[in-house]
Amino acid sequence: VAQRISKGPIKIGAGKFTIIGETSATFDPGSLADGAGETKADIAVAGAAFGDYVLWAAPYSVQGLSVTAYVHAAGLVAIRVQNESGGAVDLASGAWHVKVIR
């Protein structure tokens with residue numbers, strides 16, 4: 001049975017990371033023309049700091065969009081979707097998950 005670690009140290013290969021926190025937030029990007037993007041900012045993750053790694057998981061296929069998640073202020077994470085697919089993409093609303101590790 002796999003154990004889910006929500007906070008604390010984890011070991012990956014020879015490295016050791018600490019899970020700072022995780023949360024989910026509803027994100028409903030508008031219809032994005034080729035070259036357009038949208039950011040969901042101010043996702044609260046207590047303890048998140050510049051230099052931390054942010055992992056993301058979308059609730060559906062991102063249909064070729066580029067996705068970046070990052071700490072944009074102390075305790076706050078942002079998710080950015082960018083459309084460079086060559087056509088318009090309209091993602092549905094959904095609960096995106098983020099996990100911050102250090």
Side-chain angles (χ1 to χ4, degrees):
V1 173
Q3 180 182 3
R4 180 176 174 184
I5 300 172
S6 61
K7 268 195 152 180
I10 57 174
K11 186 171 175 125
I12 300 172
K16 183 177 176 183
F17 296 93
T18 298
I19 298 171
I20 303 305
E22 63 185 284
T23 192
S24 61
T26 299
F27 186 17
D28 185 11
S31 181
L32 301 173
D34 184 45
E38 189 171 330
T39 302
K40 166 76 172 172
D42 299 334
I43 301 168
V45 179
F50 293 121
D52 289 345
Y53 299 95
V54 180
L55 307 174
W56 61 269
Y60 40 64
S61 169
V62 294
Q63 301 179 45
L65 300 184
S66 296
V67 179
T68 307
Y70 55 94
V71 175
H72 80 93
L76 296 173
V77 169
I79 300 172
R80 170 88 180 165
V81 292
Q82 181 70 34
N83 183 6
E84 302 296 337
S85 69
V89 175
D90 189 3
L91 298 177
S93 177
W96 289 60
H97 301 282
V98 295
K99 183 176 287 196
V100 177
I101 62 175
R102 174 176 305 140

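These figures come from a predicted structure and were not determined experimentally. For the single chain, residues carry numbers from 1 onward in sequence order.
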**OP:** For Glu38 and Gly30, indicate whether the former's side chain and the latter's backbone hold a donor-acceptor pair under 3.5 Å.
**Re:** yes

Original post:
Would you say Leu32 and Trp56 are hydrophobically clustered, going by side-chain heavy atoms of ILVMFWY under 4.5 Å?
Top reply: yes

**OP:** Say whether Ile20 and Leu76 are linked into one hydrophobic cluster, either directly or through other cluster members, by side-chain heavy-atom distances under 4.5 angstrom.
**Re:** no

Original post:
Among Val71, Val45, Ile101, which one satisfies side-chain contact (heavy atoms from CB on, under 4.5 Å) with Val54?
Top reply: Val71

**OP:** State, yes or no, whether a side-chain contact exists between Ile43 and Thr23 at a heavy-atom distance under 4.5 Å.
**Re:** yes

Subject >> Cluster link Tyr70 to Val98, ILVMFWY, side chain under 4.5 Å >> reply: no

**OP:** State, to 0.1 Å, how close Arg80 and Thr39 come at their nearest heavy-atom pair, and which atoms those are.
**Re:** CD-OG1, 2.9 Å

**OP:** Quickly, which of Ser61, Pro29, Pro59 forms a side-chain contact (heavy atoms from CB on, under 4.5 Å) with Leu91? Name it, please.
**Re:** Pro29

**OP:** For residues Val89 and Ser85, report the shortest heavy-atom separation together with the two atoms involved.
**Re:** CG2-OG, 3.7 Å

Original post:
Closest heavy-atom contact between Ala49 and Arg102?
Top reply: CB-NH2, 3.7 Å

Subject >> Spacing of CG belonging to Asp52 relative to NZ belonging to Lys99, to within rounding of 0.5 Å >> reply: 14.0 Å

**OP:** Quick one: pull up CG in Leu65 and CD in Gln82 and give me the separation to the nearest 0.5 Å.
**Re:** 8.5 Å

Subject >> From His97 atom NE2 to Phe27 atom CZ, the distance as rounded to the nearest 0.5 Å >> reply: 14.5 Å

**OP:** If the plane angle is over 60° it's perpendicular, under 30° parallel, otherwise tilted; pick one for Trp96 and Tyr60.
**Re:** perpendicular

Original post:
Less than 4.5 Å apart, any side-chain heavy atom of Asp42 and any of His72?
Top reply: yes

